[in-house]
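Please read these numbers as outputs of a predicted model, since none were measured by experiment.
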Amino acid sequence: EPENSKYLSRNGTLYERYTSEINGNFRSCLRILQYAVARTDDEIQLVSPDSNFLLLEISDYAFQDCISVKSIVFGTDIQTIGNNAFNGCINLSKVSLTTSLQSIGNYAFFNCPLFTSVTIPRNVMSIGSAAFGYVDFSTKIDEFAIRGYVGSESEAYATQNHFTFYKVVELVPVTGLIRDPDVAEYSVAVGKSIELGIEVLPQGASDTSIIWQSSDPSIASTGQGVLGYNMFAYCGNNAVNGIDAGGTLWGLIVGIVTTI
C-alpha cells in the first residue's frame, strides 16, 4: 500500500501522520482520515496500526455511511471524534468510548438508529450538535439514554436535548486508615479485650467497612475487639491490621503488647 512521510495506509484505512505535544513531550501521532466504506467488518477496534504512533483522532466523515459496522471499541489514546465521523452507520448499535476522549463533534453519531444508549466518560469537555440520539434533524431515537457523571458535559447534553440521563455512580476508594485515638501500642491482659477505633480516608469513601486481621492469632484475635491469648509478655509489630473493602491491607494499624 503506497505511503509517504505524511500518510499511512493499512487494510483500506487511510491515516495522517503528525506530531503533537503530550505532557511536555513531542509524540508521533495518527488521525484516521478515511475508512473503506466497502469493507464488511461488523466490529471495529480503533487502535494504532503502528506501535510507534498514538492514534489520537477520528477525522470528520471518516466512517460516514459504513453500514456494515455494528460495534466500535475506541482505543485508549483517542481524544477527538470529528464532525459526522460515524454519520449514517445505520447498523451501529454498540460503542465503547475511551476515558481519554475529550471532544465529540457535531453529528458524530447522527442517523445511527440502532445506537440507543451511550456511556460518556468524564473527560469529555465538548459534545457537538446532534452528536447522539438523532435519526434526522426533526426525529430523535426512541428512548435514547445517556450515562454519565453529574455536572459533566454529558449531563448538559442530555438536559439540552431532553434525553434520559443516568448518573454513573463513582466509586471512591479508601486511601488510608488513621488510628482513633492515635495509639500505636496497647496492653491487653490475657482473656481481656479492647475496642479499636479507626478513621477511614477520605471522608466519602464508597465503602468504609474494615476487616480486622491479626498477624498472629495465637497472640491476639480479632472480633468485636482485640482479645489477648498468650500467657507471657509479647510485643508484636503491626499485630493487628485492617483490610478495606477493595482488598487493600493497611499494615500499620496497631502493635499489641499482652501481659500476664
Query raised in the report: Do other residues, nucleotides or ligands put more than 12 heavy atoms under 6.0 Å from Asp142 CG?
Result: no
Query - Value rounded to 0.5 Å, distance of OG1 in Thr99 from CZ in Arg122 - result: 11.5 Å
Query - Phe109 and Phe86 aromatic ring geometry - parallel, tilted or perpendicular at 30°/60° bounds - result: parallel
Report task. Output the distance between atom OH (Tyr15) and atom CG (Leu55), rounded to the nearest 0.5 Å. Result -> 6.5 Å
Query raised in the report: Same cluster or not: are Ile104 and Leu56 linked, directly or through other Ile, Leu, Val, Met, Phe, Trp or Tyr residues, by side-chain heavy atoms under 4.5 angstrom apart?
Result: no
Query raised in the report: When hydrophobic residues are tied together by side-chain contacts of less than 4.5 Å, even through go-betweens, does Ile44 share a cluster with Phe53?
Result: yes
Query raised in the report: Does a side-chain N-to-carboxylate-O contact under 4.0 Å join Lys70 and Glu43?
Result: no
Query raised in the report: Is the closest side-chain heavy-atom distance between Asn91 and Leu114 below 4.5 Å?
Result: yes
Requested in this report: Check whether any side-chain N or O of Lys140 sits under 3.5 Å from a backbone N or O of Phe163 as a donor-acceptor pair, and report yes or no.
Outcome: no
Report summary line: Heavy atoms of Ala85 and Ser59 approach each other most closely as CB-O, 3.8 Å
Query - Value rounded to 0.5 Å, distance of CD1 in Ile58 from CG in Leu30 - result: 10.0 Å
Report summary line: Of all heavy-atom pairs linking Pro173 and Pro202, the shortest is O-CD, 3.4 Å
Query raised in the report: Minimum heavy-atom separation for Ile72 to Leu46, with atom names?
Result: CG2-CD1, 3.7 Å
Requested in this report: Side-chain contact test, heavy atoms from C-beta onward, threshold under 4.5 Å: evaluate it for Leu54 versus Ile22 and give yes or no.
Outcome: yes
Report task. Verify, without hydrogens or angle tests, whether Tyr157 (side chain) and Ala131 (backbone) share a donor-acceptor contact under 3.5 angstrom. Result -> yes
Query raised in the report: Under 3.5 Å, side chain of Ser100 to main-chain N/O of Ile78, donor-acceptor pair present?
Result: yes
Query raised in the report: Val69, Ile90: one ILVMFWY side-chain cluster at the under-4.5 Å cut-off?
Result: no
**Report entry** Side-chain heavy atoms of Asn52 within contact of Ser28, under 4.5 Å
**Finding:** no
**Report entry** Backbone N/O of Asn87 and side chain of Asn111: donor-acceptor pair under 3.5 Å
**Finding:** no
Report task. Check the surroundings of atom OH in Tyr18: do more than 12 heavy atoms from other residues, nucleotides or ligands lie under 6.0 Å from it? Result -> yes
Query raised in the report: Should Phe132 and Asn161 count as side-chain neighbours, where that means a heavy-atom distance under 4.5 Å?
Result: no
Report task. Please report the closest heavy-atom contact between Leu8 and Arg17, naming both atoms and the distance. Result -> CD1-NH2, 3.7 Å
Query raised in the report: What distance separates Cys29 SG from Glu21 CD, expressed to the nearest 0.5 Å?
Result: 11.0 Å
Requested in this report: Would you name the heavy atoms of Asn106 and Gly128 that are closest together and state the gap between them?
Outcome: OD1-CA, 3.2 Å
Report task. Keeping the roles fixed (side chain from Asp60, backbone from Asn83), state whether a donor-acceptor pair exists under 3.5 Å. Result -> yes
Query raised in the report: Going from CD1 on Ile32 to OG1 on Thr13, what distance comes out if it is rounded to the nearest 0.5 angstrom?
Result: 6.0 Å
**Report entry** Under 3.5 Å donor-acceptor, Ser68 side chain and Arg39 backbone
**Finding:** yes
**Report entry** Contact check, side chains of Ser129 and Tyr107, non-hydrogen atoms, under 4.5 Å
**Finding:** yes
**Report entry** Close side-chain approach of Tyr166 to Thr119, heavy-atom, < 4.5 Å
**Finding:** no
**Report entry** Aromatic ring pairing Phe137/Phe110, orientation class (parallel under 30°, perpendicular over 60°, tilted between)
**Finding:** tilted
Query raised in the report: Would Val135 and Phe144 show up in the same hydrophobic cluster when neighbours are defined by side-chain heavy atoms closer than 4.5 Å?
Result: yes
**Report entry** Other residues, nucleotides, ligands: >12 heavy atoms within 6.0 Å of Ile67 CD1
**Finding:** no
Requested in this report: Locate the shortest heavy-atom distance separating Glu155 from Tyr149; write the atom from each residue and the value.
Outcome: CB-O, 4.0 Å
Requested in this report: Check whether any side-chain N or O of Ser9 sits under 3.5 Å from a backbone N or O of Leu14 as a donor-acceptor pair, and report yes or no.
Outcome: no
Query raised in the report: In terms of hydrophobic clusters joined by side-chain contacts under 4.5 Å, are Tyr61 and Leu92 together?
Result: no
Query raised in the report: With distance as the sole criterion, is a donor-acceptor pair present between the side chains of Asp50 and Ser48 under 3.5 Å?
Result: no
Query - Any side-chain heavy-atom pair of Leu97 and Ile81 under 4.5 Å - result: yes
Report task. Report the distance from atom CE of Met125 to atom OG of Ser152, rounding to the nearest 0.5 Å. Result -> 7.5 Å
